[in-house]
Amino acid sequence: MPELPEVETVRATLEPVLTGRTITHIDITLPRLIKNATVEAFSKALSGCTFTAVGRKGKYLRLCTDGSSDLLVHLRMTGSLIYDAAGNNRPKTAHIVFHLDKGLLYYCDVRTFGCLWLAKPGEKTGISGYDDLGPDANSSAVTADYLREKMKASSRTVKSFLLDQTVLAGLGNIYVDEALFLAGIRPSRRCNHIGKERTQRLAKAIHTVLAEGIEYGGTTIRDFVNGSGREGENQENLAVYGREGTPCKTCGTLIKYVKQGGRGTHYCPHCQH
DNA sequence: TAACACCTGTAA
DNA sequence: TTACAGGTGTTA
C-alpha cells in the first residue's frame, strides 16, 4: 500500500492528534505483528508513555514517546494507523488497539504483513532495514549527482535500483513507474547505460512525483487511508501506473504492462527509452 | 536475479 | 479457479 507520500500523509495526519496523548493500555490480538518484543514487554514499555512527535524515515513511521522506547511501524502492503477520537469505531481489521487518555489508535492490516517494533531513542536502533535506509527520496540529498555516482557503478535495471531502499528510501512500485515515465526512461534500462542528462531528468522526476503525491494526500488504489481513515486523491494524477491498455497522456500510444523483477511494471513504449 | 514466502481480498 | 495487489526478507 504505502510509499513515501502515503506514509508522510499518515504522519502528517497523526502528529497533531497524537502529540500529548498518553497510552493507558494496549490490546493485542495478533502478537506476531510485533517483531522485537513479547506482547508483555511491548505493553510494559509503552503503557504510561506520552507521544511527543510522529516522524518518518522512508516508509517507516516513528511514534516518539517520552519513555524508554519509541514505537516504530512499517505498514507494508495493507497496514494503516488510524486515530479515533471518539473511540467507538473499531475497524474489523484492527489487530492492535492503543487505548489513550483520549481516544483510540488502531493498527489495522488486512494482509497482516505489517511490522511493529520497540525502538530505543537515537539514530541506530539495531533494526535491520531501518538502520540501512538511504536518504529520503524526496530530500535534498537526492540530487542528480548522487544518483549519477551510484548509477555509473551499477548494471542493475533502473527500476530495481530505484526500489532499493538502501539507495534511496521511500520509492515503491507506483512512484517508480511514475518517475520513470516523467523522466522518459524505460524501467528495464540498465543504470550504467543512462547518461548525465537523463539522470538529471530522473532526479527531478522523483522529486516531482513525490511532491505531487504528498500534495494530493497519497494514492488510494484499494486500501490506503490516512491517520483519519480518509483516502488519498493522487490516483487521479497517475500517468502510467494501473493505466495499461489506455492511451498515454502525452502521445496516445497504449500503456504497456510487463512483469519485471516480479513487479507489475507500466510504461509508455513511445515516450520511454 | 528470480522465485518464494508471508496473508487476505477481489477481480478476471 | 487463478492471478494479482502501494513490500521486503530469505532462499535457490
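Keep in mind that what you see is a predicted model, and the values were worked out from it rather than measured.
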Run the salt-bridge test on [X] and [Y] with the 4.0 Å N-O cut-off and return the result as yes or no.
X	Y	value
A:R156	A:D164	yes
A:E15	A:R11	yes
A:D136	A:R56	yes

Name the closest nucleotide to the A:V110 side chain, picking from C:dC4, B:dG9, B:dT1.
B:dG9

Could I get the full list of side-chain hydrogen bond (donor to acceptor under 3.5 Å, both in side chains) partners for A:N88, not counting sequence neighbours?
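Expected list: none.
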
Nearest-Å distance, [atom1] ([X]) to [atom2] ([N])?
X	N	atom1	atom2	value
A:D109	C:dA5	CG	P	18 Å
A:R222	C:dC4	CZ	P	12 Å
A:M77	B:dC7	CE	C1'	10 Å
A:D164	B:dT1	CG	C1'	13 Å
A:R111	C:dC4	CZ	P	13 Å
A:D223	C:dA5	CG	C1'	8 Å
A:Y107	B:dC7	OH	P	13 Å
A:L116	C:dG7	CG	P	18 Å

Distance test, side-chain N/O of A:K259 to OP1/OP2 of C:dA5, below 4.0 Å
yes

Side-chain N or O of A:R190 versus OP1/OP2 of B:dT1: is the shortest distance under 4.0 Å?
yes

Within the distance-only criterion (no hydrogens, no angle test), does the side chain of A:S154 pair as donor or acceptor with the backbone N or O of A:K150 below 3.5 angstrom?
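No; judged by distance alone, with no hydrogens or angles, the pair does not exist.
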
Using atom types as modelled and distance alone, determine if a side-chain donor or acceptor of A:E6 lies under 3.5 Å from a backbone N or O of A:T219.
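Yes; at least one donor-acceptor contact below 3.5 Å.
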
Is it the case that more than 12 heavy atoms not belonging to A:H25 sit under 6.0 Å from its NE2 atom?
yes

Comparing A:T112 with A:T157, nearest DNA chain B nucleotide closer to 5' gives the residue A:T157

For A:Y175, which contact category applies under a 4.0 Å heavy-atom criterion: base, sugar-phosphate, or nothing?
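Contact class for A:Y175: none.
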
Could you check which nucleotide pairs with C:dT10 in any of the strands shown, counting Watson-Crick or G-U wobble with both distances under 3.5 Å?
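Answer to the pairing question: B:dA3, which forms a Watson-Crick or G-U pair with C:dT10.
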
Provide a list of protein-nucleic acid N or O atom pairs under 3.5 angstrom, restricted to nucleotides 8-10 of chain C.
unit_1	atom_1	unit_2	atom_2	d
C:dT8	OP1	A:H74	NE2	2.9
C:dT8	OP2	A:K59	NZ	2.9

Please state the P separation for the pair B:dC7 and C:dT11 - nearest whole angstrom.
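It works out to 16 Å between them.
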
